[in-house]
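Heads up: the structure comes next, in structure tokens.
In what follows, every chain begins at residue 1, and chains take the letters A, B, ... in the order their sequences are listed.
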2 protein chains.
Amino acid sequence: MFHFFLGQISKETEQPAIRDNAILWGKYFPLWYGIVPIPIFVSQNLSLMYEKKIPLPLECGLTMTKEILGGKWKPNLLLAISLGIKRPSDLQRAIPHSTKRVLNLQLKELEEFRVITKQIYHQLPPKVEYFLTDIGESLLPILKSMDDWGNRNRAVIEAVIINRNAAETEEH
Amino acid sequence: MFHFFLGQISKETEQPAIRDNAILWGKYFPLWYGIVPIPIFVSQNLSLMYEKKIPLPLECGLTMTKEILGGKWKPNLLLAISLGIKRPSDLQRAIPHSTKRVLNLQLKELEEFRVITKQIYHQLPPKVEYFLTDIGESLLPILKSMDDWGNRNRAVIEAVIINRNAAETEEH
DNA sequence: CAGTATCCGACAAGATACTG
DNA sequence: CAGTATCTTGTCGGATACTG
């Protein structure tokens, strides 16, 4: 089953805390799983903890995963690395629509999240290689199923996009 | 296995077309699967077909899936609908950080991609319900595994984000 | 309740030129 | 080859106020 926190997450322990029913049954939790109220995707506290201009509701596992796979090329980078493409220049050749700058930014973020590691060889010319960590490997099934799904539904998606663009050009 | 197109996709048939080895072995395809060159994530033709200011390389299944799950709340919406939350107002209550406008935009896109259907009851007050299509249902395993992964790796991700924010506030 | 119009700010990513 | 600095552009989503 999906994993949801009940109620808000207390700041001190960072553990989910079941709030009393009076509040659970209030206006913030209009949904029930059987007789259990389900405050899905909810937790004001946490989004205040991680201060950002536009706060992220991190309490939902879904949202945390999206945080990691969010960049324009991150899933592609991970797949490419898993295929044995390790060096920055090869990665950019494998993803031709990307730019060096963005690829570097996203590789840095993936490294920050411990999804990949960076191996620097101090040579001339310099050489760098990226590798998946165990965490990164554990993402591969998801990426693989996303890739499979996209390929299975290619026809529908392409049709919609072609339609959309046709409508847009008609407007102008 | 991952599903990659070899070479470019011809405009007329929209079928993958194997290009001759001279080009495959050129600088654009530096990767091999066994002795087969793998032009992953590549296809200039397609990205020109779907004209956008910033063209999308749609030839990769991964990228197509991201196109559908890309919005800020789309995965959450799909999960919520799969849990039986059907009405717009309930959906917004289930995703408190969202706004009506964005939710509507994203529901419209999901509908456009045939992932959900919209049922309008002509009543007063008006009533609307959303349902997953078969295509939408087929996305649930992916969403579920993303949610699971996020929950399993919650500790690491939260630690990184807390660190990052601490470093940022230190700067100022 | 469901949905839209308008305006605006934040941020991601592109372009280019540059170091070591 | 790997990486960065700087500037510009596009776009997504937020805020608000409004219809039916």
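For C:dT4, the OP1/OP2 oxygens have a side-chain nitrogen or oxygen of B:K108 closer than 4.0 Å. Contact annotation: B:K118 does not reach the phosphate of C:dA2 (side-chain N/O to OP1 or OP2, under 4.0 Å). OP1 or OP2 of C:dA2 sits under 4.0 Å from a side-chain N or O of B:S89.
Among the nucleotides C:dT4, D:dT4, D:dC1, the one closest to any side-chain atom of A:P125 is D:dC1. Nearest to the side-chain atoms of B:N104 among the listed nucleotides C:dG3, D:dT4, D:dG3 stands C:dG3. Comparing atom distances between the A:Q106 side chain and each of C:dG3, C:dA13, D:dG14 picks out C:dA13 as nearest.
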Please write out each protein N/O paired with an N/O of nucleotides 15-20 of chain C under 3.5 Å, distance rounded to 0.1 Å.
residue	atom	partner	partner atom	Å
C:dA15	N6	A:R101	NE	3.3

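Shown here are the side-chain contact (heavy atoms from CB on, under 4.5 Å) partners of B:I120, two or more places apart in sequence or in another chain: B:K118, B:H122, B:V128.
For the pair B:K86 NZ and C:dC1 P, the computed distance is 18 Å after rounding to whole Å. Per the geometry, CD belonging to A:Q92 stands 14 Å off C1' belonging to D:dT4, to the nearest Å. The CD1-C1' distance, from B:I120 to C:dG3, rounds to 10 Å in whole Å. In this structure, A:H97 places its NE2 atom 18 Å from C1' of C:dA12, rounding to the nearest Å. Taking atom CZ of residue A:R93 and atom C1' of nucleotide D:dA2, one finds them 12 Å apart after rounding to whole Å. Between the P atom of C:dA12 and the NZ atom of A:K74 lies a distance of 9 Å, rounded to the nearest Å. Between B:L105 atom CG and D:dC12 atom C1' there is a gap of 10 Å when expressed in whole angstrom units. The NZ atom of B:K72 sits 11 Å away from the C1' atom of C:dA10 (whole-angstrom rounding).
In the hydrophobic cluster analysis, where Ile, Leu, Val, Met, Phe, Trp and Tyr join through side-chain heavy atoms closer than 4.5 angstrom, B:L105 is grouped apart from B:L77. Hydrophobic clustering (side-chain heavy atoms under 4.5 Å, transitive across Ile, Leu, Val, Met, Phe, Trp, Tyr) keeps A:L143 apart from A:F131.
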Seminar exercise, completed: Output field dot_bracket for DNA chain C (Watson-Crick or G-U, both distances under 3.5 Å, | for other-strand pairs) contains ||||||||||||||||||||
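The closest side-chain heavy-atom distance from B:I116 to B:L107 is below 4.5 Å.
Listed here is the closest heavy atom pair of A:K66 and B:G71: NZ-O, 3.1 Å. B:I142 and B:S145 make their closest contact through O-OG, 2.9 Å (heavy atoms, listed as atom of the first residue, atom of the second, distance).
The closest side-chain donor-acceptor pair between A:R101 and A:N104, if any, does not fall under 3.5 angstrom.
Stacking of B:K86 on the aromatic ring of B:Y130 is not recorded, the 6.0 Å distance cut-off and the 45° axial limit not both being met.
Salt-bridge annotation for A:R93 and A:D90: present, with a side-chain N of the basic residue lying under 4.0 Å from a carboxylate O of the acidic one.
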